[in-house]
2 protein chains.
Amino acid sequence: MKIDPRNPADLSAQIASAIRDAIVGGRLIVDQRLPSEAELAEQFEVSRPTVREALKRLAAQSLIRTQRGATGGAFVNRLSFPEAYYQQITTSTLLLSMNAVSFETACEARYALERACAPLSAERRTADHLATMRAEIHRQAQPGLTDEAFCASDVAFHRALVDGAGNPVLSYQLAGAVEAMQPLMNMITFTARDRARIVALHQEIADAAEAQDGAAVTAGLSALEVETQELAQSVFAARAARLDAKARLGS
Amino acid sequence: MKIDPRNPADLSAQIASAIRDAIVGGRLIVDQRLPSEAELAEQFEVSRPTVREALKRLAAQSLIRTQRGATGGAFVNRLSFPEAYYQQITTSTLLLSMNAVSFETACEARYALERACAPLSAERRTADHLATMRAEIHRQAQPGLTDEAFCASDVAFHRALVDGAGNPVLSYQLAGAVEAMQPLMNMITFTARDRARIVALHQEIADAAEAQDGAAVTAGLSALEVETQELAQSVFAARAARLDAKARLGS
DNA sequence: GGACTTTAATTGTCTGACATTAAATTCACA
DNA sequence: TGTGAATTTAATGTCAGACAATTAAAGTCC
């Protein structure tokens with residue numbers, strides 16, 4: 001792990017990479033303390049600020065945590081599920097917002113992934129998961145609800161459905177799909193959305209989950225996908241029509 | 001974006017967070033240049049090393065890239081799909097290796113996610129995807145293949161199946177599931193694995209994909225999951241038996 | 001023996017400097 | 001006047017040394 005070729009480019013990135021490899025490769029284990037910054041500087045034959053930049057890179061990926069004081073230092077961090085969720089959501093959000101992904105593609109991926117959880121969730125959902133879903137449906141039916149609150153409740157509903165599968169790895173993988181698509185779908189469809197229709201579909205899904213009918217849950221999700229795609233298409237069509245009218249007015 | 005409370009803790013983390021929020025919130029757009037390190041230091045009223053630590057944190061998340069020279073600086077980076085893949089795989093690998101996730105849970109999640117792609121892939125796979133799958137199957141049947149090469153080929157086969165869905169968002173989400181589970185499953189089952197059985201199942205899946213039969217692809221994946229789970233159970237049982245024998249020997 | 005003080009180790013931050021890079025500019029020369 | 005080489009300039013990359021802040025452990029006093 002010591003070696004650092006005389007490659008003059010980006011020493012801090014090289015050092016970060018060397019330490020990351022040691023962690024991923026198991027040569028540094030969870031909660032193990034790294035050498036102090038001064039020792040690392042000596043080992044790699046660089047200055048302390050350079051070592052610090054490398055450590056900050058690792059900290060940004062939640063690979064290490066630092067602690068001040070006499071027995072402080074940098075420690076290999078156990079990547080917790082909440083941290084992994086957060087990273088997953090951030091990455092997914094950026095990927096979608098920066099890469100001109102079509103609504104259709106994103107929506108298709110989202111529902112395909114959620115349907116993957118449907119059979120498991122129908123089989124294993126606890127009373128608690130059902131109660132959460134029912135509560136969110138009830139909230140969504142409130143007339144005074146803001147658009148933001150409705151969307152947050154929508155996310156919470158789907159989250160409960162996904163968590164119902166009782167598989168934390170699956171929940172982690174779905175975090176991006178469920179929570180990163182939300183701003184995207186919300187911004188596009190909230191003007192045209194028929195809340196009653198969505199609440200009815202949610203009701204259908206919750207009923208199917210209660211009856212432990214996986215096929216029905218899957219069907220409900222598919223219906224929700226169709227609804228969302230049609231909504232988006234109508235919004236896009238209306239938008240195009242407006243642009244077209246404006247163009248004709250201008251000519 | 002300027003504000004930095006007099007909170008004395010972790011200035012570089014606060015600055016990184018402020019800039020990250022500006023990027024995620026769209027106030028800084030792709031390829032836009034950030035102020036120079038000296039200007040940022042002045043704005044945030046900190047020293048340049050502190051600013052640099054903040055920028056390295058963002059660079060570690062591929063949120064910015066830096067360029068040296070007269071017109072250089074830090075630029076908001078377009079998060080590319082390959083970068084997102086890499087982060088996804090790293091995060092998934094660490095999450096699994098550090099959190100005592102059972103084989104059963106990981107395997108279940110992996111196949112549930114892959115089944116989510118099956119109907120789409122059966123419908124849309126190109127001749128190219130089919131050719132890749134066939135080629136990998138052929139390679140897997142070679143007698144002299146090392147275990148590592150067999151596993152790499154296994155990953156390539158599943159990757160082709162997933163990419164066949166023609167949905168880059170789905171491919172990104174599956175990167176962790178397909179590529180992070182590989183070392184895990186490999187290390188456990190490679191001793192007991194019957195390659196011929198796996199090749200036969202792969203053949204079944206490829207045939208189903210060629211016939212555009214989504215249900216058959218799904219069934220093939222489920223069969224592969226059952227095979228893998230049974231294999232793992234037999235390995236664990238054998239391991240437990242060995243331990244038990246050793247314990248009795250010792251007493 | 002317990003509460004308090006001191007000490008030492010470590011990270012966090014700052015200052016100032018120099019090295020390196022690459023684009024823009026200037027200038028000599030054809 | 002046009003072109004290519006040399007210079008300038010602005011930025012990041014790196015370094016050295018220092019001090020502040022924090023925290024646990026060792027030491028000390030009652």
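This one's a predicted model, so the numbers in the text were calculated from it and none came from an experiment. Below, read A as the first sequence line, B as the second, and so on, with proteins coming before strands; counting in each chain starts at 1.
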Polar pairs (N or O, both sides) under 3.5 Å between protein and nucleotides 5-8 of chain D?
none

Short N/O separations, protein against nucleotides 16-19 of chain C, under 3.5 angstrom:
residue	atom	partner	partner atom	Å
C/dA17	N6	B/R48	NH2	3.4

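To the nearest angstrom, C1' of C/dT11 lies 13 Å from CD of A/E39. What separates CD of B/E37 from P of D/dG13 is a distance of 6 Å, to the nearest Å. Atom CG in B/L11 sits about 16 Å away from atom P in D/dA20, given to the nearest Å.
With distances taken from any side-chain atom of B/T50 to the nucleotides D/dT12, C/dC14, C/dT11, the minimum falls on C/dC14. With distances taken from any side-chain atom of A/A70 to the nucleotides D/dC15, D/dA24, C/dC14, the minimum falls on D/dA24. Side-chain atoms of B/E53 lie closest to C/dT13 of the nucleotides C/dA22, C/dT13, D/dT12.
Residue B/T66 has a polar side-chain atom (N or O) positioned under 4.0 Å from OP1 or OP2 of D/dG13. Taking only side-chain nitrogens and oxygens, A/T71 never comes nearer than 4.0 Å to OP1 or OP2 of D/dA24.
For A/D128, the salt bridge (charged side-chain N to carboxylate O under 4.0 Å, His left out) test picks out no residue, with sequence neighbours left out. Every side-chain hydrogen bond (donor to acceptor under 3.5 Å, both in side chains) that A/E114 has, sequence neighbours left out, goes to A/R110, A/H158. Every residue two or more places apart in sequence or in another chain was checked for a side-chain hydrogen bond (donor to acceptor under 3.5 Å, both in side chains) with B/T71, and none qualifies. For A/L120, the side-chain contact (heavy atoms from CB on, under 4.5 Å) partners are A/R124, A/A165, A/L170, B/E108, B/A112, not counting sequence neighbours. Residues meeting the salt bridge (charged side-chain N to carboxylate O under 4.0 Å, His left out) test with B/R78, sequence neighbours left out: none. Considering only residues two or more places apart in sequence or on other chains, A/E136 meets the side-chain hydrogen bond (donor to acceptor under 3.5 Å, both in side chains) condition with A/R139, A/S153. Not counting sequence neighbours, A/D154 has no partner by the salt bridge (charged side-chain N to carboxylate O under 4.0 Å, His left out) test. For the salt bridge (charged side-chain N to carboxylate O under 4.0 Å, His left out) test, residues two or more places apart in sequence or in another chain that qualify with B/E37 are B/R48, B/R52.
For residues 86-98 of chain B, there are no salt bridge (Lys or Arg N to Asp or Glu O under 4.0 Å) pairs, not counting sequence neighbours.
Across all strands shown, B/R65 has no heavy atoms under 4.0 Å from either base or sugar-phosphate atoms.
A distance-only check finds no donor-acceptor pair linking the side chain of A/R33 to the backbone of A/A74 [under 3.5 Å].
The terminal axes of the helix from C/dG1-D/dC30 to C/dA30-D/dT1, fitted over 5 pairs per end, subtend an angle of 20° to the nearest 10°.
Between the side chains of B/S171 and B/D163, at least one donor-acceptor pair of N or O atoms lies under 3.5 Å.
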